[in-house]
Undergrad: 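Below is one structure. I have some questions about it.
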Amino acid sequence: MPQLRGAVILAAGHGTRMKTTLPKVLHPVGGRSMLSWAVALAREVNAALICTVVSKRTGPVGKAAAQEVGAGAVMVQDPPRGTGDAVLCAADMLEGFEGDVVTLYGDTPLIQGQTIEKVFNALADNAGIAVLGFEAADPGAYGRLVLAADGTLDEIVEAKDASEAQKAITLCNSGVMAASSSLLFSLLGDITDDNANGEYYLTDIVALARNRGIKVVVVSAPEDEVMGVNSQAELAKAEALFQKRMREHWLENGVRLQAPETVYASWDTQIDPDCVIEAFVVFGPGVHLGSGTQVRSFSHLEGAQTQNHVAIGPFSRLRPGTEVSANAKIGNFVETKNAKIGDGAKLSHLSYLGDTVIGADVNIGAGTITCNYDGFDKHITIIKAGAFVGSNTSLVAPVSVGAGAVIGSGSVITRDVPDDALGVARGRQRDIEGWAASFRKRKKRT
Ligand code: UD1
Ligand code: CA
């Protein structure tokens, strides 16, 4: 039977170096909080038990963590006294847990599941502890990995406690560490706060393990994957790396990106093969584009799904609840929200379509507006298959336009229009012969 797995996610630090009121681990990368990334990673590697450690001082983190893992799996570290002390806060929850435990920091959002698999696998290969390390271009404040002659790990020295020679080491600690639950807590029982920060360091368990003759190994990952976020500059760097990863993924999977570096993704953006994305397109969360869909420049999409061969943009805004069927077209300066759009429908110019169901092959004229909100409630507009809505029409919801009906341009439609009828609702045109000429004459005289 495979070994049971657990994860402890450390999220109790405020992250003062961010200089924001929002606690660090709630800052987003790819539209998803760093805390959420850590929880998703734990789930991806099938952790049966996920414990999140938070601080009393950062209330919103506790709330967010409870939503992610359930209130019972959120432990409070009060006050935060270091990463080792934080893992100890999970001791009660992990008591008697007969499996391997991985520590994940809430500020390293780019780590991949397959890398954590390698860390667990090292334990299966008879290491007592496995530490995920990386070669840092600029090791700065990272903990340094001090290797023994045989390549195993002797100790981790925090930058503040390192000698000059140790500071020159470029192999650094990512924060990810795995050990059997029993060994982890047994070693943590021996850590002290005898260091430059006066904190209980998780990293001290490595030297303690060596003293007990336990083998500690390093598993390596590229820096781009394990970088920690402590400042706004590092958050921006993590975001850029995430975006690069998404773009590369699409380019490898049959998506044409006209100017990849100008297309912005969210964590869950899905683009099927044969889609074409022009320059300057932003995807908020919840977007899935069906094969052959084209998104033209300067469009913003969130919470929107398309079937195949849909045309969007330039300058379209698709908001949550937009579902576009095959071969439909949404053109420039069109905003949709909670809108189901039928096969082959055309919404080509300057419209707002909200809380609406639009049938197949409907044509929405330029400047059509669904008046969906009365200041209190939202109301539905139904436009049935084959209807033709003339330009500059206001559809005052709740209202429906029948199948095949035609709406005269400039109408304010307040009642349901029957199938195949013409609905017109505007002042009749009146022409007064010669009026303009006599008006001008009169004005010129005075
Ligand atoms: C830590 C590591 C360092 C490593 C680096 C990788 C230690 C002592 N140092 O340093 O070796 O190179 O991460 O990014 O572990 N946290 C708590 N409770 C606490 C303190 C921190 O839950 O009392 C949480 C924080 O919210 C954060 C994580 O632990 O998510 C790491 O804390 P942070 O202060 O950022 O550690 P670093 O100084 O970056
Ligand atoms: Ca950190």
Side-chain angles (χ1 to χ4, degrees), residues 7-18 22-27 29 33-39 41-42 51-58 60-62 64-65 74-90 102-111 129 131-136 138-146 153 155-162 166-167 169-177 184 188 191-207 218 221 223-235 237-238:
V8 180
I9 297 171
L10 303 193
H14 180 84
T16 45
R17 287 169 278 179
M18 296 299 287
L22 185 71
K24 175 169 71 177
V25 299
L26 297 185
H27 282 269
V29 170
S33 76
M34 292 196 279
L35 175 68
S36 253
W37 278 109
V39 173
L41 180 61
C51 179
T52 305
V53 181
V54 304
S55 152
K56 246 191 194 151
R57 298 173 197 171
T58 50
V61 179
V74 180
M75 300 293 142
V76 176
Q77 185 193 19
D78 184 33
R81 295 184 301 172
T83 49
D85 177 63
V87 178
L88 274 169
C89 293
V102 67
T103 58
L104 302 175
Y105 288 177
D107 66 351
T108 50
L110 301 173
I111 301 178
I129 303 178
V131 172
L132 184 64
F134 64 101
E135 278 296 336
D138 172 15
Y142 286 118
R144 307 296 203 271
L145 301 187
V146 183
L153 187 59
E155 61 173 330
I156 304 179
V157 184
E158 288 307 305
K160 278 191 182 165
D161 304 298
Q166 288 168 332
K167 272 195 194 134
I169 297 173
T170 50
L171 184 63
C172 292
N173 174 31
S174 70
V176 173
M177 233 184 252
L184 177 66
L188 282 170
I191 60 173
T192 69
D193 61 356
D194 183 16
N195 52 54
N197 270 346
E199 285 187 1
Y200 293 88
Y201 291 159
L202 170 63
T203 44
D204 281 354
I205 67 167
V206 172
V218 178
E223 178 168 14
D224 282 357
E225 189 184 333
V226 297
M227 67 164 291
V229 172
N230 300 300
S231 63
Q232 296 289 348
E234 285 165 350
L235 181 69
K237 186 174 171 208

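Residue numbers run from 1 in the order of the sequence given. Worth saying up front: this structure is predicted, and the values here are computed from it rather than measured. First listed ligand is number 1; within each ligand, the first listed atom is number 1. All values below come from the heavy atoms of this structure, side chains included, with hydrogens, waters and symmetry mates left out.
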Undergrad: Taking Thr108's backbone N and O only, do any of them form a donor-acceptor pair with Trp37's side chain (distance below 3.5 Å, no angle check)?
TA: no
Undergrad: Using only heavy-atom distances, determine whether the side chains of Asp161 and Tyr201 contain a donor-acceptor pair under 3.5 Å.
TA: yes
Undergrad: Please classify the Asn230 to ligand 1 contact at 4.0 Å (heavy-atom distances, strictly less than): side chain, backbone, both or neither.
TA: side chain
Undergrad: Report the nearest protein non-hydrogen atom to atom 27 (C) of ligand 1: residue, atom name, distance rounded to 0.1 Å.
TA: Leu10 O, 3.9 Å
Undergrad: Please confirm whether Asp85 comes under 4.0 Å of ligand 1, counting heavy atoms of the residue only.
TA: no
Undergrad: For atom 13 (O) of ligand 1, state whether the nearest protein heavy atom is under 4.0 Å away.
TA: yes
Undergrad: Contact between ligand 1 and Glu199 is defined here as a heavy atom of the residue under 4.0 Å from a ligand atom; is it met?
TA: no
Undergrad: Which protein N, O or S atoms lie under 3.0 Å from the Ca ion (ligand 2), given by chain and residue number?
TA: Asp107 OD2, Asn230 OD1
Undergrad: Hey, is Leu202 touching ligand 1 through its side chain, its backbone, both or neither, going by heavy atoms under 4.0 Å?
TA: neither
Undergrad: Is there a heavy atom in Glu234 that sits closer than 4.0 Å to ligand 1?
TA: no
Undergrad: I need the contact type for Ser174 against ligand 1. Using non-hydrogen atoms and a strict under-4.0 Å cut-off, is it side chain, backbone, both or neither?
TA: backbone
Undergrad: Give the C-alpha distance, both sets of side-chain angles, the deciding distance and a yes or no for side chain to side chain contact (heavy atoms under 4.5 Å, CB included) between Leu132 and Met177.
TA: CA-CA 6 Å; Leu132 184 64; Met177 233 184 252; over 6 Å; no
Undergrad: Do Glu135 and Thr170 get their side chains close enough for a donor-acceptor pair, meaning under 3.5 Å?
TA: yes
Undergrad: First locate atom CG of Leu235, then atom CG of Asn230, and finally report the distance between them rounded to the nearest 0.5 Å.
TA: 10.5 Å
Undergrad: Is there a heavy atom of Cys172 sitting under 4.0 angstrom from any atom of ligand 1?
TA: no
Undergrad: Looking only at heavy atoms, what is the nearest atom pair of Ala86 and Gln77, with distance?
TA: N-NE2, 3.1 Å
Undergrad: I need the contact type for Ala12 against ligand 1. Using non-hydrogen atoms and a strict under-4.0 Å cut-off, is it side chain, backbone, both or neither?
TA: both
Undergrad: Taking the side chain as everything from C-beta on, heavy atoms only, tell me whether Ser55 gets closer than 4.5 Å to His14.
TA: no
Undergrad: Taking everything shown except Lys56 itself, do over 12 heavy atoms lie less than 6.0 Å from its NZ?
TA: no
